[in-house]
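What you are looking at is a predicted structure, and each value in this text was computed from that prediction instead of being measured. In what follows, every chain begins at residue 1, and chains take the letters A, B, ... in the order their sequences are listed.
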Protein chains: 2
Amino acid sequence: MAREMLRQGGRSARIQAEVHRTVQELLKSMDRSEITVPMIAEKAGVTPSTIYRRWGDLSELLADVAVARMRPIADPEDTGAMASDLEAFILQYVEEMSSRVGRALLADVLGSLESDAPVKCCQYTYHHLETLRERALARGETPFDIDNAIDFVVAPIVYHILFGDRELAPDYCRALVSRFFVK
Amino acid sequence: MAREMLRQGGRSARIQAEVHRTVQELLKSMDRSEITVPMIAEKAGVTPSTIYRRWGDLSELLADVAVARMRPIADPEDTGAMASDLEAFILQYVEEMSSRVGRALLADVLGSLESDAPVKCCQYTYHHLETLRERALARGETPFDIDNAIDFVVAPIVYHILFGDRELAPDYCRALVSRFFVK
DNA sequence: ACCTAAACGCAAATTTTTAGCGTTAGCGGC
DNA sequence: GCCGCTAACGCTAAAAATTTGCGTTTAGGT
């Protein structure tokens, strides 16, 4: 579920915020597999049935929280040039997502395939790249293609994070970016 | 869990096979979100506690089944040339994985990050690419680099399957392969 | 053939999830 | 500002799923 709120103010919003805060709190201190809905409900001061009715089940709540956490709070850093902008963005992305909690976020988002969490999640990335692209245009640089950047820089990184088949050293990430630009 | 069986014969193996078969059967007729452990147990003719003790929980059982289903039963088709071999393999991979059940398989595998399901899963892909590479070597062709193939062909495809942000038309997949070879 | 321990079945205890129903409170119309 | 409508909540009981203890079966080795 995790449907759009019909009421966006007052008690409903407070509960949403409190539940989200509680989930994030719990994720810091314990593993995702030990978290239960009644546990969240108690710490958040609501009844379990509220959570079940609003989010459906635990995985959808976790996906909802994960998407909210991944929502960008600021534009990517402006380093003065397109190539270094992309590199900085990618390095930060890897920093956040390859950590234990980052991997859990990705898994939660992808765990509820029927919701729109995955699409939202990658729209954030797309939007960031769009920002970098427009910044490059404003500077008079020849901008990169966003879809290509996703295919050849972001996708490999996400793949290796998810499957855990390779160390994501900064050098490797930088190589992905530079290969993308020389091509 | 989904630990390696300490006993690989007799009753234990029969139960494993029967449970796997039952899960696959159920996945064909209903959505993953409606499947429960007691339901599987009844159809498979075992006690729920057996499943819980052996696999831990539903997501790990599903991951176990998914990995087993993804285990290659045959080498990729030999088309006579490296480029067309890779293209054929990729097209078949997309065919299998972008379907409703394929996406569910991927989600199940990635859903249990703590198990070794994800690693196993991408090892299968790696192994297939290795087969293609050795085949190319035997033909006297200049072989491709497997890691690069994963980064620039497989990863983009998996990304788009998981995030559902793009139609995976055959033309697009072919373009990925051909761009990989010209680079 | 016998021994040991892994794996299972059974059933009770616990926990989680669902569902009904009355109550609260956000939001729009007046 | 007051009122009506109904989404959203709390509470509780029922249903379902999960865990756990204990005795039994059975694979794998000696």
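Atom P of nucleotide dT25(D) and atom CD1 of I15(B) are separated by 15 Å, given to the nearest angstrom. Summarising the geometry, the separation between CD1 on I40(B) and P on dA17(D) is reported as 11 Å, rounded to the nearest angstrom. Remark: C1' of dC8(C) and OH of Y52(B) are 16 Å apart, rounded to the nearest angstrom. Between the CZ atom of R53(B) and the C1' atom of dC22(D) there is a distance of 10 Å, rounded to whole Å. If you take CD1 of I51(A) and P of dC11(D), they are 13 Å apart, rounded to a whole angstrom. Between the CG atom of D57(A) and the P atom of dA17(D) there is a distance of 14 Å, given to the nearest Å. Between R54(B) atom CZ and dC8(C) atom P the separation is 5 Å, expressed in whole Å. Atom CD in E18(A) sits about 13 Å away from atom P in dC9(D), given to the nearest Å.
Side-chain contact annotation: D75(B) with H128(B), donor-acceptor N/O pair under 3.5 Å absent.
Following chains of ILVMFWY side-chain contacts shorter than 4.5 Å, one cannot reach L137(A) starting from F89(A), and the two form parts of different hydrophobic clusters. Hydrophobic clustering, with ILVMFWY side chains joined whenever heavy atoms are under 4.5 angstrom apart, groups I157(A) together with L110(A).
When atom types are taken as modelled, the side chain of E60(B) and the backbone of D57(B) share no donor-acceptor pair closer than 3.5 angstrom.
Contact annotation: T50(A) does not reach the phosphate of dC9(D) (side-chain N/O to OP1 or OP2, under 4.0 Å). Phosphate proximity of dG26(C) to S12(A): absent, as no side-chain N or O sits under 4.0 Å from OP1 or OP2.
In the interface, the side chain of S49(B) is paired with the base of dC10(C) through a donor and an acceptor atom under 3.5 Å apart.
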Report task. Take R166(A) and Y172(A), measure what side chain to side chain contact (heavy atoms under 4.5 Å, CB included) needs, and give me the verdict at the end. Result -> CA-CA 10 Å; R166(A) 174 199 264 273; Y172(A) 168 72; 3.3 Å; yes

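When distances run from any side-chain atom of R11(B) to the nucleotides dA7(C), dT16(C), dA17(D), the shortest one goes to dA7(C). Side-chain proximity of P38(B) to dA17(D), dG9(C), dT17(C): nearest is dA17(D).
The 5' end of DNA chain C is approached more closely, in terms of each residue's nearest nucleotide, by V46(B) than by the other of M39(A) and V46(B).
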